[in-house]
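Just so it is clear: chains get the letters A, B, ... in the order the sequence lines come, proteins before strands, and each one is counted from 1.
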Amino acid sequence: MYDGKKIIPGLIIFLGLVTSPLWYNAASGKISYIPKPKIPAEKKECVEPKKYIRINHKNLLDDWKESVVRKAGTTYVASNRKSYLMSLNRTCMNCHTDKTEFCDQCHNYMGVTNKCWDCHMYPKEIKKG
Amino acid sequence: MEFDRRGLLKIAGLTLLGLAAKPGWELFSKVEPQELVPSPETLTKKRWAMSVDLKKCWSTEGCRDCIDACHRIHNVPDLGILKEEIKWIWQFPYEEVFPEHELEYSEEENNRKKPVLLLCNHCDDPPCVRYCPTRATWKREDGIVMMDFHRCIGCRYCMAGCPYGSRSFNWKDPRPFIKKVNLEFPTRTKGVVEKCNFCEERLSRGLIPACVEACKEKALVFGDLKDPKSEIREALKFKTIYQRQPELGTKPKVYYIL
């Protein structure tokens, strides 16, 4: 290889620079960070089991939006045959009152953005004024 | 290993069957989609409509109860700039709303400057619905011309199409301009069109529209046009009724009684 003495150290420096965020996070302990969405202590049940919600909450909310706005159906019959009102504010945010402690925990970690809160409001936000 | 013709066909057949197994399983194990149920207290009618009794409306001068009630519960911002104004229900002088009914020498002469209450007409044949490229606005079965803010792309074709000026566009984030936010109803965001929804969210909870409820003079009447015994049919009986620009063929469903 021509100029191997320059190329190989160059490559090593380049790789080091590119992966530097990983090293930085490993050194500062951030790599072991696990998001902890705050779950309301007094409320025990969600509309669906935790496992389902964790994977499908986005589809569930999308379906709710679609049926409330476009099909005027407002009652959701969950897998356990219980009925719930399809409402972000009155059902979801009734328990998870602060989105910064719940939604944002994972969304920020994963770099997911959504536009729900451009229009919808959560109860805590109002209290702040 | 050698294949004869028979062997090849056998293997090919089995392979096809194997490939069909997964889609077949999915087809037959499909969960029935859930039936949509409106909440039990929902007011369901065949054709919602509203009437405005102008004489009653004019009996209290400078009254804005209905406008304030509507704009408060629907989080309509007060931007303070006429050009960017957002309105669901508003007033306009009689002579400009009904130029065709304005007689030069008549008793009605003094009506000219009086304010007429305007809102979305919830037309039978709404031009805004025809123009919307994303179906963000559509006519419901009960006649309400609905708006899906989620789907609106802010092209403003509907605003160009509406002959009544019932639609407003959010040129900027409206939230800082709302005095007291009502948690029950979402605000809008920059870049969507909004208009009166005949209080669809209240109807689904068994309540009549906020403007009708707020009117002390009972000038506003809301009801089912298809029901001959409904309040609105009673209100319209044997009266001089105006509609806004009926010649356009949109069949507006807000009636003005004089």
Contact origin within A/Lys115 toward chain B - heavy atom pairs under 4.5 Å = neither
query = Using non-hydrogen atoms only, which part of B/Asn75 is less than 4.5 Å away from chain A: side chain, backbone, both, or neither?
reply = side chain
task = Any chance you could measure B/Thr187, atom OG1, to A/His120, atom NE2, to the nearest 0.5 Å?
result = 8.5 Å
request  = Check whether any side-chain heavy atom of A/Met121 sits under 4.5 Å from a side-chain heavy atom of B/Val181, and report yes or no.
outcome  = yes
request  = Can you establish whether the number of heavy atoms outside B/Lys190 located under 6.0 Å from its atom NZ is more than 12?
outcome  = no
message = With a 6.0 Å cut-off (strictly less than), is the heavy-atom count around NZ of B/Lys46, excluding the residue itself, greater than 12?
response = no
inquiry  = Please check: side-chain N/O of B/Thr189 versus main-chain N/O of A/Cys119, any donor-acceptor pairing under 3.5 Å?
reply    = no
inquiry  = Can you confirm whether more than 12 heavy atoms, excluding those of A/Gln105, are under 6.0 Å from its CD atom?
reply    = yes
inquiry  = Need one label for B/Arg140: side chain, backbone, both or neither, based on atoms under 4.5 Å from any heavy atom in chain A.
reply    = side chain
ask   = So does A/Leu17 have more than 12 non-hydrogen atoms from other groups sitting under 6.0 Å from CG?
value = yes
inquiry  = Looking at B/Arg175 and A/Asp118, would you say the former's side chain and the latter's main chain have a donor-acceptor pair under 3.5 Å?
reply    = yes
task = Could you tell me whether A/Glu66 and B/Arg151 make a salt bridge, using a distance below 4.0 angstrom between a side-chain N and a carboxylate O?
result = yes
message = Take a 6.0 Å sphere around CZ of A/Arg54 and say whether it holds more than 12 heavy atoms from other residues, nucleotides or ligands.
response = no
message = For the CZ atom on B/Arg156, are there more than 12 heavy atoms of other groups (residues, nucleotides or ligands in this structure) within a distance under 6.0 Å?
response = yes
task = Calculate, to the nearest 0.5 Å, the distance between atoms OG and CD belonging to A/Ser87 and B/Glu201 respectively.
result = 11.5 Å
inquiry  = Checking B/Arg135 against A/Arg70 for the side chain to side chain contact (heavy atoms under 4.5 Å, CB included) test, could you report, in this order, the C-alpha distance in whole Å, the side-chain angles of both residues, the deciding distance, and whether it holds?
reply    = CA-CA 10 Å; B/Arg135 293 199 199 159; A/Arg70 303 192 76 91; 3.9 Å; yes
message = Tell me whether A/Tyr84 at atom OH has more than 12 heavy atoms from other residues, nucleotides or ligands lying less than 6.0 Å away.
response = yes
inquiry  = Within a 6.0 Å radius of atom CZ on B/Phe28, are there more than 12 heavy atoms belonging to other residues, nucleotides or ligands?
reply    = no
key: Residue B/Phe149 versus chain A: region with a heavy atom under 4.5 Å   = neither
